[in-house]
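Report on the following structure.
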Amino acid sequence: MEFLVRYSEASDSIRTTISSDMLEDEEKALRDDLKYYFMSPCEKYRARGQIPWKLGVQILKIIMITTQLILFGLNNQLVVSYKEENTVAFKSLFLKGYTGVDEDDYSIALYTQQAVSDSLFHVIEQYAQLKDLSVGPVNYAQKDDTWWPIKICKEHYEKDSEELYNIKAQTEKICLEFNPVTLNDDRWKRDNASFFVLDFYRLVNVKITFRLKAVNLQTIQVRELPDCYDFLVTIAFDNHCHSGQIKVYFDINALSSICKNWKISGTAQKNPHYLLVFDSIIIMVCLSSAVLCTRSIFLAVKLLQRFSRFFHVNFKRVVCEDDQREFLNGWYVMVIISDSLAIVGSILKMEIQSKNLTSYDVCSIFLGTSTLLVWVGVIRYLGYFQKYNVLILTMKAAFPKVLRFCCCAGMIYLGYTFCGWIVLGPYHEKFEGLSRVAECLFSLVNGDDMFPTFAQFQEKSILVWLFSRVYLYSFISLFIYMVLSLFIALITDSYETIKVLLWSSSCRGHKGTHSICASDPISHLEILNHSGRSHYTYIFLAYTYCVCRITRRMVFL
């Protein structure tokens, strides 16, 4: 019996020794993995000789995506300038009396019946003589091998009786269509003379709609195939207000497509193939970057699970949310989003170069946003250097406070926006719409355009003029001298706090790790009161419990 007791005690001692050794081995492995996870790419290379593939891919991606954006931007500028120049040319051709500058949101204004009639016939006659007038490669659009007609519609209130000014609230629309060939003869004017007799007291609007086609030959200069455009032109004579002023609106919608039956000699057709190969390489690089970042996120989640499980099993504690967020690197998520946008933008760009799509604006949004995120991601690598890390830490610390502050200040801002729109809108062009009021107030906060905003108020109403002075003075005083100063103070306070922490941690060096962790009295007492653990376990617990605090202070073990 005594032998069995001694054997049992010896077995328990051996089992305890083995479990203690296994626990210490697990602790050491986990500590090494945690330390390696929070290293910079250069430190990882020096520690284990691992080549920083993600860093190399990001540098290559920055160069290639920026080059791609520049090439697409130059091409997009040609397209936008071509559309704008054609818009000015068409306005000069079809709008009688157009001076080259729009009066407001409309092109020109008419005040007499004769001016309206002359302008209406001027549009039709200029359209009929388009081939002889335009200096550009513009022609009538075709639909199923027939000319697209010009359409003239007039909308007016219905007559209730033959008495003057006796009208109904309902409106009716009458339309005419003319083939460009038939306009060469003046019979269209004689046969439809009654249509062009306008009852201005009933008239709501007159709209003229037609299609033109044109060819953008300037793309050949950059060694690309030309684009063909269909211009849908709408000219509206607006008389909704019946105020004695008829506003003429000119709207144009350009649709580009591949040019059919065009043969371009030389090397113009070869260049897009090189660009398509370049875009394909960018897609492959972005896919590699997204795969590497996804792999890093997956490994970080597995490490967090190991860390949480070890912490719960051995110390009966749950890892705090701040510590958990340190394992989920937001930079990787941003890189994946950037890669996704770059891939979609590159595919759209390839389709545009192949003349299968014409969505220049959508493609530019994808490529521009991806390039923005790529360059912002460079800050991550600068953050590994303590002197460059101040900006990141300051933004991270100040962002929650700034967000709460903006929510409070935004309520006041919205109040001023609605008040300015409803009171000052009829008397000042900068307050005519809610978006314009918000833009005007934002410019005032930044000190722009102050005197013209005060000076342009018309003294048609003394009461409104006095209110405008109180409104503007109170807004400028409140937001510039109080709100903006508090906003800057929040960021300055965060910067000073981060600077003191970085200075103190750099003075202590690596030996200051335990003192930083011990600065939390609750965690320190809980660690000291934890019985049955070796001194090595205590060090591990101190390290793991405040891993997020050490990381935020840029003190790497």
Side-chain angles (χ1 to χ4, degrees), residues 70-95 98 100 107 123-151 177-184 208-235 250-276 279 348-364 367:
I70 293 173
L71 294 176
F72 181 77
L74 295 175
N75 188 23
N76 194 25
Q77 286 181 358
L78 294 177
V79 173
V80 173
S81 63
Y82 177 77
K83 293 179 181 180
E84 291 178 349
E85 291 173 3
N86 272 276
T87 301
V88 176
F90 291 153
K91 286 183 178 180
S92 301
L93 281 174
F94 298 112
L95 299 184
Y98 182 69
S107 298
V123 174
I124 303 174
E125 292 171 356
Q126 293 292 99
Y127 176 80
Q129 305 173 16
L130 180 64
K131 292 183 179 180
D132 300 329
L133 294 176
S134 176
V135 297
V138 182
N139 201 352
Y140 306 113
Q142 290 183 334
K143 179 182 180 182
D144 299 331
D145 297 330
T146 59
W147 299 115
W148 196 285
I150 180 173
K151 187 176 182 180
E177 291 185 357
F178 297 103
N179 191 290
V181 179
T182 60
L183 293 176
N184 295 325
I208 303 176
T209 306
F210 54 87
R211 283 181 179 267
L212 302 174
K213 67 177 182 179
V215 182
N216 183 10
L217 297 176
Q218 63 178 339
T219 56
I220 298 178
Q221 301 174 4
V222 293
R223 307 175 70 84
E224 288 190 10
L225 291 173
D227 292 328
C228 288
Y229 288 87
D230 285 337
F231 293 102
L232 177 60
V233 180
T234 302
I235 301 175
F250 187 95
D251 181 68
I252 184 170
N253 186 19
L255 302 175
S256 61
S257 61
I258 186 172
C259 291
K260 299 180 180 179
N261 302 325
W262 275 80
K263 295 181 180 180
I264 307 298
S265 61
T267 59
Q269 300 183 21
K270 299 179 181 179
N271 187 50
H273 298 295
Y274 297 106
L275 295 177
L276 292 177
D279 294 332
L348 291 177
K349 181 175 179 290
M350 294 171 68
E351 292 294 322
I352 291 173
Q353 290 172 349
S354 302
K355 307 304 178 182
N356 296 325
L357 288 178
T358 59
S359 305
Y360 281 91
D361 295 335
V362 177
C363 182
S364 61
L367 292 181

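The six-membered or imidazole ring of Y127 lies near that of Y140, with a centre-to-centre distance under 6.0 Å. The ring of F90 has its center closer than 6.0 angstrom to the ring center of F231.
In this structure, W147 and Q142 have side chains that are in contact, with non-hydrogen atoms separated by less than 4.5 Å. Proximity of I208 to T234: side-chain heavy atoms (C-beta onward) are nowhere separated by under 4.5 Å. Counting heavy atoms from C-beta outward, Y229 and V79 have side chains that approach closer than 4.5 Å. By the 4.5 Å heavy-atom criterion applied to side chains, I352 and Y360 are counted as neighbours. Looking only at side-chain heavy atoms (C-beta outward), F94 and L130 come within less than 4.5 Å of each other. Under the 4.5 Å side-chain criterion, counting only non-hydrogen atoms from C-beta, P180 is not in contact with I150.
The neighbour count for K151 NZ, taken as heavy atoms of other residues, nucleotides or ligands under 6.0 Å away, does not exceed 12.
The distance from atom OG of S81 to atom CG of N76, rounded to the nearest 0.5 Å, is 9.5 Å. Put simply, CG on L95 and CD on Q126 are 10.0 Å apart, with the number rounded to the nearest 0.5 Å. Taking CZ from F250 and NZ from K91, the interatomic distance works out to 7.0 Å, rounded to the nearest 0.5 Å. Residue N86 holds its CG atom at 6.5 Å from CD1 of I252, rounded to the nearest 0.5 Å. With rounding to the nearest 0.5 angstrom, the CG atom of L74 is 7.5 Å from the CG atom of L78. Annotation: the span from C228 atom SG to L255 atom CG amounts to 12.5 Å, rounded to 0.5 Å.
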For T209 and V233, what are the C-alpha separation, side-chain angles and deciding distance, and is it a side chain to side chain contact (heavy atoms under 4.5 Å, CB included)?
CA-CA 6 Å; T209 306; V233 180; over 6 Å; no
Begin from the C-alpha positions of N139 and L212 and carry the test side chain to side chain contact (heavy atoms under 4.5 Å, CB included) through to its verdict.
CA-CA 6 Å; N139 201 352; L212 302 174; over 6 Å; no
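Listed for the E177 side chain is no donor-acceptor partner under 3.5 Å among the backbone atoms of P149. In this structure, the side chain of Y82 does not engage the main chain of Q77 through any donor-acceptor pair within 3.5 Å. Under a 3.5 Å cut-off, the side chain of S134 and the backbone N or O of K131 do not form any donor-acceptor pair. At distances below 3.5 Å, not a single donor-acceptor pair connects side-chain atoms of T182 with backbone N or O atoms of F178.
Contact detail for A214 and V138: the closest heavy-atom pair is CB-CG2, 4.1 Å. C363 and K349 make their closest contact through SG-N, 3.6 Å (heavy atoms, listed as atom of the first residue, atom of the second, distance).
Classification of D230 and K213 as a salt-bridged pair fails, no side-chain N sitting under 4.0 Å from a carboxylate O.
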